[in-house]
Amino acid sequence: RSFAQCLLRFLGFIFWGAAAAQAFGGVLVILMSKNYRYLFQQSYLSLPGWLAVATALILLPTGVLALSISVKRSRNKQGTLMYLLLLLLCLEMSSAALARSYFIKTSSQLEGAIGYLVHQHNWTCSQDPGSSAVDVMQRQLQCCGVHNYTDWLKTSSSWHPPPCVPASCCKGKHSRCRGDLGHVEQLSEEGCLKKLEDQVCFAMLYVFWCGTVLSILELLAGVSNGILMRHRPFHDLHFL
């Protein structure tokens, strides 16, 4: 019983920290799906993020209850804590499962989506960086093309390859760069596919592992709360 009290107190503090971690992961997924909505056609891609934010909000009162019960037990508080832990477990498992599923699905679609933007983009040499989707993406991610800058050479006739690439491929520190292929060192080396895949991988797997680890901690909290409830038999069921 004393060990269960100590564990519940410890988990109460952990839940507060986990709320911040969950909120960070949720906001990260929501902003990513919003910033690159022209690539991710599925409007439900931000759903794991919203579930993570909802989990973070519920974790705060759950942590308060866990600390309160570890100091002074109350039937009403113990029953409420059990309900909150069950709700959190459902949210965490749903968020983790969706994040894992969407990560696998979007990873297979990214190359085709970015390739389509590159091949449909109209540009000319010495043109200022535009505001089209592909230009915005290349400036934000500091990337060029799908795999590298040579992808832009394939968009024109093979008989007359262009002497430049879009100015949005230029590195930020080269203010006078206009995408001239004579100065390849001024262009971003990495392609947009790799950088965007890394962002999706980090955001989705972050939410997945947060949900998995927190589910285990919530089960431990439920077991600890159950042990404390077992030492004081129920006189009625009003707390339900």
Side-chain angles (χ1 to χ4, degrees), residues 7-8 10-67 84-114 117 133 136-143 146-147 172 188-223:
L7 181 59
L8 201 58
F10 172 73
L11 290 174
F13 289 112
I14 291 295
F15 287 158
W16 285 349
Q22 279 288 91
F24 170 76
V27 171
L28 193 64
V29 171
I30 293 168
L31 289 179
M32 184 187 67
S33 62
K34 181 181 178 182
N35 291 338
Y36 303 109
R37 57 185 176 276
Y38 48 84
L39 292 174
F40 306 125
Q41 299 300 322
Q42 299 88 347
S43 58
Y44 52 79
L45 190 67
S46 61
L47 184 56
W50 288 112
L51 289 176
V53 171
T55 301
L57 295 175
I58 299 174
L59 275 170
L60 294 174
T62 303
V64 173
L65 273 176
L67 288 170
L84 287 178
L85 289 173
L86 181 61
L87 177 60
L88 283 171
L89 189 62
C90 293
L91 287 173
E92 293 288 358
M93 296 303 292
S94 300
S95 178
L98 288 174
R100 181 66 180 175
S101 172
Y102 292 170
F103 166 65
I104 295 172
K105 185 181 293 185
T106 55
S107 295
S108 62
Q109 298 173 350
L110 275 178
E111 184 170 6
I114 298 174
L117 287 179
V136 171
M137 178 179 63
Q138 289 189 146
R139 286 199 301 273
Q140 285 180 343
L141 297 177
Q142 286 292 290
C143 60
V146 182
H147 302 285
S188 299
E189 294 89 357
E190 285 190 85
C192 296
L193 177 63
K194 175 67 167 59
K195 288 204 169 184
L196 197 54
E197 277 182 341
D198 289 344
Q199 282 197 11
V200 173
C201 177
F202 175 77
M204 291 300 184
L205 292 187
Y206 180 92
V207 171
F208 170 77
W209 285 113
C210 271
T212 303
V213 172
L214 270 174
S215 297
I216 297 172
L217 295 178
E218 286 153 11
L219 287 173
L220 288 175
V223 170

Worksheet entry | side-chain contact (heavy atoms from CB on, under 4.5 Å) evaluation trace for Glu190 with Leu141 | CA-CA 9 Å; Glu190 285 190 85; Leu141 297 177; over 6 Å; no
Practice prompt. Start with the C-alpha distance between Ile14 and Leu217, add both sets of side-chain angles, then the distance that settles side-chain contact (heavy atoms from CB on, under 4.5 Å), and finish with yes or no.
Written response: CA-CA 9 Å; Ile14 291 295; Leu217 295 178; 3.7 Å; yes
Item to complete: Quick one: do Trp16 and Leu67 satisfy side-chain contact (heavy atoms from CB on, under 4.5 Å)? Show the steps, please.
Response: CA-CA 11 Å; Trp16 285 349; Leu67 288 170; 3.4 Å; yes
Worksheet item: Would Leu45 and Tyr36 count as a side-chain contact (heavy atoms from CB on, under 4.5 Å) if you check the C-alpha gap in whole Å, the side-chain angles of each, and the deciding distance to 0.1 Å?
Response: CA-CA 11 Å; Leu45 190 67; Tyr36 303 109; over 6 Å; no
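Nearest heavy atoms, Leu98 versus Pro48: CB-CG, 3.8 Å.
When atom types are taken as modelled, the side chain of Ser95 and the backbone of Glu92 share no donor-acceptor pair closer than 3.5 angstrom. With hydrogens and angles disregarded, no donor-acceptor distance shorter than 3.5 Å links the side chain of Trp50 to the backbone of Gly26. Side-chain atoms of Lys195 come within 3.5 Å of backbone N or O of Gln142 as a donor-acceptor pair. Of the possible polar contacts, one joining the Thr62 side chain to the Ile58 backbone as a donor-acceptor pair under 3.5 Å is found.
Judged as a salt bridge (Lys or Arg N to Asp or Glu O under 4.0 Å), and not counting sequence neighbours, Lys34 has no contacts. Evaluation of the salt bridge (Lys or Arg N to Asp or Glu O under 4.0 Å) rule for Glu189 yields Lys171 as partners, not counting sequence neighbours.
At most 12 heavy atoms of other shown residues, nucleotides or ligands fall within 6.0 angstrom of atom CZ in Phe10.
Side-chain contact between Leu11 and Leu7: present, with at least one pair of heavy atoms (C-beta onward) separated by less than 4.5 Å.
The aromatic rings of Tyr206 and Phe202 are tilted relative to each other, their planes meeting at an angle between 30° and 60°.
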